[in-house]
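Bear in mind that the values here come from a model prediction, so they are computed numbers and not experimental data.
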Amino acid sequence: FQTSPWLAEKMLSYVDFEKAEHIIELGSGAGAITKPLIKKMRPSTRLTAFELNEELVAFLKESFSSPMIDFRSASAADAHLAVEKYGPAQ
């Protein structure tokens with residue numbers, strides 16, 4: 001489903017972007033939350049985004065290319081792997 005810009009901003013209001021070093025996004029979809037999330041992140045913050053649909057992962061990788069972003073075609077059950085690799089997440 002598509003998320004409204006209002007809902008995206010409301011969800012992101014709970015993230016402390018000044019302190020966040022690693023953020024995990026579950027169910028990135030087509031990037032309705034991803035796009036404003038990336039705009040708010042500090043340049044040094046790492047984003048690990050999980051999405052089950054491989055076509056959407058390919059779209060996200062093409063749309064939001066950055067060495068600080070790791071798009072994974074995987075389940076949220078694998079989030080611990082990102083924490084092991086990049087450290088605790090918000």
Side-chain angles (χ1 to χ4, degrees):
F1 69 94
Q2 186 68 321
T3 301
S4 72
W6 177 87
L7 182 56
E9 287 300 318
K10 183 67 173 170
M11 292 172 67
L12 295 177
S13 71
Y14 297 98
V15 178
D16 185 348
F17 287 96
E18 292 300 314
K19 294 182 181 175
E21 295 179 14
H22 181 207
I23 298 171
I24 293 178
E25 180 186 20
L26 304 175
S28 302
I33 303 292
T34 312
K35 185 175 183 178
L37 174 60
I38 291 168
K39 286 182 180 179
K40 292 178 177 283
M41 286 174 28
R42 291 177 300 128
S44 62
T45 302
R46 175 165 294 282
L47 170 64
T48 305
F50 290 84
E51 172 55 50
L52 291 174
N53 184 312
E54 291 183 13
E55 290 178 10
L56 287 175
V57 172
F59 170 78
L60 291 164
K61 286 180 178 180
E62 184 177 306
S63 299
F64 306 106
S65 177
S66 167
M68 297 306 288
I69 303 172
D70 182 10
F71 289 108
R72 295 180 178 212
S73 180
S75 166
D78 294 326
H80 70 281
L81 299 173
V83 171
E84 291 170 8
K85 184 172 182 178
Y86 303 120
Q90 236 189 4

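At a threshold of 4.5 Å between side-chain heavy atoms, the hydrophobic network of Ile, Leu, Val, Met, Phe, Trp and Tyr places I33 and L56 in two separate groups. Hydrophobic clustering, with ILVMFWY side chains joined whenever heavy atoms are under 4.5 angstrom apart, groups F17 together with L7. The hydrophobic clustering, which links ILVMFWY residues whose side-chain heavy atoms are closer than 4.5 Å, places I38 and M68 apart.
Taking the side chain to side chain donor-acceptor pair (under 3.5 Å) definition, one finds that K10 meets it with nothing, sequence neighbours left out. Every residue two or more places apart in sequence or in another chain that forms a side chain to side chain donor-acceptor pair (under 3.5 Å) with S44 is listed here: R42. For the side chain to side chain contact (heavy atoms under 4.5 Å, CB included) test, residues two or more places apart in sequence or in another chain that qualify with A76 are L26. Applying the side chain to side chain contact (heavy atoms under 4.5 Å, CB included) criterion to L52, with sequence neighbours excluded, gives S75.
Minimum interatomic distance between L37 and L12 (heavy atoms only, all atoms of both residues): N-CD1, 3.6 Å. Between A8 and A32, the shortest heavy-atom contact is CB-O, 4.0 Å. Smallest separation of non-hydrogen atoms from T48 and A82: CG2-CB, 3.6 Å. The minimum heavy-atom distance linking A79 with I24 is given by the pair O-CD1, 4.1 Å. Closest approach of S28 to L60, counting heavy atoms only: CB-CD1, 3.5 Å.
Counting heavy atoms from C-beta on, the side chains of K61 and I69 never come closer than 4.5 Å.
A donor-acceptor contact under 3.5 angstrom links the side chains of E25 and T34, judged on distance only.
Evaluation of the ring-ring contact (aromatic ring centres under 6.0 Å, His included) test over residues 66-86, restricted to residues two or more places apart or in two chains, returns H22-Y86. Sequence neighbours left out, not one pair with a member in residues 49-58 passes side chain to side chain donor-acceptor pair (under 3.5 Å).
The backbone N or O of F59 lies less than 3.5 Å from a partner atom in the side chain of S63, making a donor-acceptor pair.
Taken to the nearest 0.5 Å, the CE atom of M11 stands 10.0 Å off from the OG atom of S4.
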Query - Derivation and outcome, salt bridge (charged side-chain N to carboxylate O under 4.0 Å, His left out), residues K40 and E18 - result: CA-CA 9 Å; K40 292 178 177 283; E18 292 300 314; over 6 Å; no
**Report entry** Derivation and outcome, side chain to side chain contact (heavy atoms under 4.5 Å, CB included), residues M41 and I23
**Finding:** CA-CA 9 Å; M41 286 174 28; I23 298 171; 4.1 Å; yes
